[in-house]
Amino acid sequence: MTPLLEIDNLRVSFPTTQGRIEVVKGVSFTLGRERLGIVGESGSGKSMTGRAILRLIRSPGEVTAERMMFDGTDLLSRSERAMRPLRGARMSMIMQDPKFSLNPVMTVGAQIAEAVRAHETVPRRALANRVREMLEAVRINDPDRVARMYPHEVSGGMGQRVMIAMMLIPRPDLLIADEPTSALDVSVQAQVLDLIDELIVNNGMGLLLISHDLNLVARYCDRILVMNSGEVVESCAAADLHAATHPYTRGLLAAIPKINETRDVLPVLDRSAWSGT
Amino acid sequence: MSARDWLLDESPNSRMQANAGRFYRMGLALLRNPLAVLGALIILLLIATAVFAPWIAPESPVGQMLDRRLLPPSSANWMGTDELGRDIFSRVVYGARITLMIVALVAIIAAPLGLIIGAVAGYFGGWVDKLLMGFTDIFLSMPKLILALAFVAALGPGIENAIIAIAITAWPAYARIARAETITFRSSEFISAVKLVGASDARIIGLHVVPLCMSSMIVRVTLDMAGIILTAAGLGFLGLGAQPPLPEWGAMISRGRVFILDQWWVATMPGFAIILVSLGFCFLGDGLRDVLDPKQAGKS
Amino acid sequence: MTAISLKSLTISYGGIPAVHDVSLEIGDGESFALVGESGSGKSTVLRAIAGLAPEWSGEISVLGAPRGHGPDRAFARTCQMVFQDPYGSLHPRKTVDSVLSEPLVVHGISERSGRVSEALEMVGLGQEFRFRFPHQLSGGQRQRVAIARALMLKPRIMLLDEPTSALDVSVQAEILNLLKRLRRDQGLTYLMVTHNLPVVAFMCDRMAVMNAGRVVETAPSSALRTGDFSDPYARHLYAASGGDEIAPKDGQ
Ligand SMILES: Nc1ncnc2c1ncn2[C@@H]1O[C@H](COP(=O)(O)OP(=O)(O)O)[C@@H](O)[C@H]1O
Ligand SMILES: Nc1ncnc2c1ncn2[C@@H]1O[C@H](COP(=O)(O)OP(=O)(O)O)[C@@H](O)[C@H]1O
Ligand SMILES: [Mg+2]
Ligand SMILES: [Mg+2]
């Protein structure tokens with residue numbers, strides 16, 4: 001069986017006053033119908049990796065790769081036109097802040113319906129039913145009322161659930177979730193992630209979960225890639241994250257305070273330990 | 001260490017070096033925009049022409065030589081002569097002084113007035129805001145040229161009164177911009193932080209709020225210059241601005257209107273000057289907007 | 001002696017109450033945390049103490065002196081605040097040097113240059129940062145500048161509004177260590193807002209849990225090790241913050 005996503009030597013660069021700099025420097029991985037996490041600090045190139053897969057990096061940004069296959073089709077050779085039916089329908093992306101990703105002048109229900117209509121023709125009644133089912137699936141109690149609300153009328157957690165509904169209703173094979181819960185409170189975070197997890201597992205989808213939170217990724221993924229300044233420095237099974245060997249990963253893990261903290265000083269990352277090479 | 005390195009130093013050694021570096025970087029960014037450079041060159045040309053008018057102009061802009069009325073452009077009179085036999089080129093060159101003076105005076109009067117009224121209204125909000133903005137809206141709701149006309153009619157025609165009238169019509173737009181800008185950051189944390197230190201409201205407005213409104217103000221004033229020149233020309237054209245024999249471009253067009261069919265150059269030459277300078281300010285303003293745009297400034 | 005005492009404090013915005021009937025006593029030299037979800041009114045409490053949310057009723061006293069409703073100069077010397085957003089708390093057109101000099105100028109304090117370089121050293125920034133603009137600093141460096149600014153007037157109380165929530169964990173560790181060291185060296189009192197319970201475990205002695213504008217429980221931070229909370233909301237927050245993982249680990 002071919003994997004869902006195969007990325008080989010992905011590079012993303014931007015022009016700056018100091019010439020072109022690479023923000024993703026040769027990332028390779030394969031993803032089956034499983035949950036893969038990408039962690040790293042801000043600026044490490046996680047979002048750029050996610051966006052490059054969807055070919056969402058605009059000029060002057062430049063993407064190169066040796067191979068970028070999605071379910072047997074080559075993403076690199078596709079034109080922008082040919083990408084459109086893939087995006088949304090077969091691979092979707094959830095962004096960090098629902099406030100910026102939802103159209104403020106369209107009701108939530110209309111936006112979710114639009115996500116279906118962009119890719120298939122569905123009779124009106126069936127569409128309304130599917131929207132209601134989807135809203136129920138993301139545990140919105142009163143789907144008919146919520147469908148008529150505008151994005152500014154829903155709370156952060158509910159907005160993120162609406163985003164998930166919108167991204168999952170076309171039944172994609174791959175979901176890229178870029179910091180899906182960073183704007184949410186801890187108590188809501190778990191609900192949203194449990195929900196994503198359940199939908200992924202039930203539908204046999206692939207998940208690429210991008211986050212800066214190591215504990216969260218360890219909890220919700222099968223495998224983890226740790227990124228630092230555009231490179232994957234470590235790749236391991238989620239269960240083995242706490243036995244990570246790379247000094248960067250170890251440094252990050254040690255710097256996180258624990259709920260039963262007894263240390264007097266938190267160890268600080270010594271960046272010279274590996275970036276010297 | 002070269003001057004360039006000194007200016008681009010990431011770790012400056014003094015406040016002066018830091019500010020010089022900031023302006024140098026802005027200048028560099030501006031130079032990358034060809035239209036902005038063109039605009040800046042046109043305005044430099046205007047300033048140079050105004051300063052060196054007596055040396056550039058071959059003749060006096062006033063006086064009359066009735067024996068050579070309405071001559072077409074030639075090697076002796078590059079832009080021809082007008083109905084009193086004056087060299088149009090010389091008059092256009094001297095006219096640069098008047099245009100520059102109008103532009104500078106309007107900017108000096110209207111921009112700070114609008115800036116302060118807008119910043120005060122935006123910073124305090126509440127009834128101060130309602131009062132000041134109500135006042136502003138009264139001015140804003142009247143067509144500029146009509147308002148200027150009314151003022152000139154009341155004050156009497158003349159270039160000084162025209163400038164005052166234009167300034168009075170120009171400030172409300174600046175007050176609106178400054179207020180809108182101030183409102184976006186009046187409750188931001190850096191303003192809260194200076195309040196907490198115990199700084200007075202006057203200090204906060206003067207030293208913390210106004211500098212942030214400055215860039216959008218500079219952009220807006222630059223873009224407005226074209227309109228101001230045109231309003232001044234319009235007043236001149238209507239005979240309410242500069243009075244003869246002052247070589248004001250609008251007044252010159254007005255005089256040339258009578259001969260527009262047979263002696264086109266009389267009205268057209270000062271018209272070209274107005275268009276060129278207006279374009280210059282527009283190009284520069286557009287370029288400045290790209291450089292000074294606050295969203296741009298946040299990133300590096 | 002109590003550093004901050006709040007008695008039945010109700011704070012409103014435009015007539016609508018955001019915080020209801022909060023009473024707290026924070027001892028001198030203590031590090032006290034206010035935790036809760038966003039919108040629960042944590043920042044509002046700090047803003048009322050600082051004088052930035054003037055619509056309140058009840059009683060606020062700081063170091064025994066009753067507090068007025070607006071910012072004032074004398075108060076500025078006893079109590080300062082560090083804000084959440086390192087990108088929004090520094091004036092974009094002012095160098096680090098002028099940000100740090102401002103409190104000294106306002107209070108007519110001389111020897112500014114010396115005090116500025118001393119403050120930079122205190123927060124672990126080299127002199128090469130002194131004349132940089134905020135856009136030339138990273139998030140962690142900006143937060144150090146904000147802490148230095150709060151320390152310029154040598155206050156005894158610091159109000160910290162989520163000082164590390166916008167930072168990466170590695171940078172958060174540096175800032176938390178810095179705050180801890182400063183408190184020890186200068187005998188400061190901290191009132192710190194956060195939604196991150198592990199940060200409380202590291203930094204604070206006691207905590208108050210807020211929900212929907214009310215304090216629902218006050219507990220010592222040792223409760224984070226044992227899970228000893230009585231209020232259902234506090235227990236929920238504790239469980240969501242990783243408290244539910246401690247019990248099985250202890251069992252191993
Ligand atoms: N348009 C751009 N031009 C230049 N550099 C960029 C641009 N967009 C992003 N970058 C840089 O790319 C790097 C990686 O960004 P990103 O993938 O968003 O990081 P993160 O891991 O936080 O998601 C950052 O250092 C950022 O500064
Ligand atoms: N300037 C303001 N005007 C009106 N309401 C506000 C303002 N600031 C905060 N609020 C409201 O007060 C409540 C508490 O906010 P806040 O203290 O910022 O919460 P927290 O810091 O716990 O996230 C929220 O419901 C918020 O909507
Ligand atoms: Mg990102
Ligand atoms: Mg807050």
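Below, chain A is the first sequence line, B the second, and so on; all start at residue 1.
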Apply side chain to side chain contact (heavy atoms under 4.5 Å, CB included) to residues C/His91 and B/Leu212 and explain how you reach the verdict.
CA-CA 9 Å; C/His91 193 291; B/Leu212 276 180; 3.5 Å; yes

Part of [X] within contact of chain B (heavy atom distance under 4.5 Å):
X: C/Gln127; result: neither
X: C/Arg149; result: side chain
X: C/Phe129; result: neither
X: C/Leu90; result: backbone
X: C/Ser101; result: side chain

Are C/Asp85 and B/Phe190 close enough that some pair of their side-chain heavy atoms sits under 4.5 Å apart?
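They are not in side-chain contact.
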
Mind ranking C/Arg47, C/Gln84, C/Met152 by heavy-atom pairs under 4.5 Å with chain B and telling me who comes out on top?
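Sorted descending by pairs with chain B, the first entry is C/Gln84.
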
Nearest 0.5 Å, please: how far is [atom2] in [Y] from [atom1] in [X]?
X: B/Arg15; Y: C/Lys94; atom1: CZ; atom2: NZ; result: 8.5 Å
X: B/Leu196; Y: C/Asp72; atom1: CG; atom2: CG; result: 10.5 Å
X: B/Arg25; Y: C/Phe133; atom1: CZ; atom2: CZ; result: 9.0 Å

Are there residues of residues 199-209 of chain B whose heavy atoms fall under 4.5 Å of chain C's heavy atoms? If so, which?
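So far as heavy atoms go, B/Ala199, B/Arg203, B/Leu207, B/His208 are the residues that approach chain C to under 4.5 Å.
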
Proximity of residues 120-138 of chain B to chain C, residues having a non-hydrogen atom under 4.5 angstrom:
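Residues of residues 120-138 of chain B touching chain C at under 4.5 Å: none.
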
Other residues, nucleotides and ligands only: do more than 12 of their heavy atoms fall within 6.0 Å of CZ on C/Arg156?
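No, not enclosed.
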
What is the minimum heavy-atom distance between [X] and [Y], and which atoms define it?
X: B/Val197; Y: C/Leu153; answer: O-CD1, 4.3 Å
X: B/Gly198; Y: C/Ala76; answer: N-CB, 4.3 Å
X: C/Leu52; Y: B/Ser192; answer: CD1-CB, 3.7 Å

Could you check B/Arg22 against C/Arg93 for side chain to side chain contact (heavy atoms under 4.5 Å, CB included), going step by step and ending with a plain yes or no?
CA-CA 9 Å; B/Arg22 186 157 74 88; C/Arg93 294 288 154 77; 3.1 Å; yes

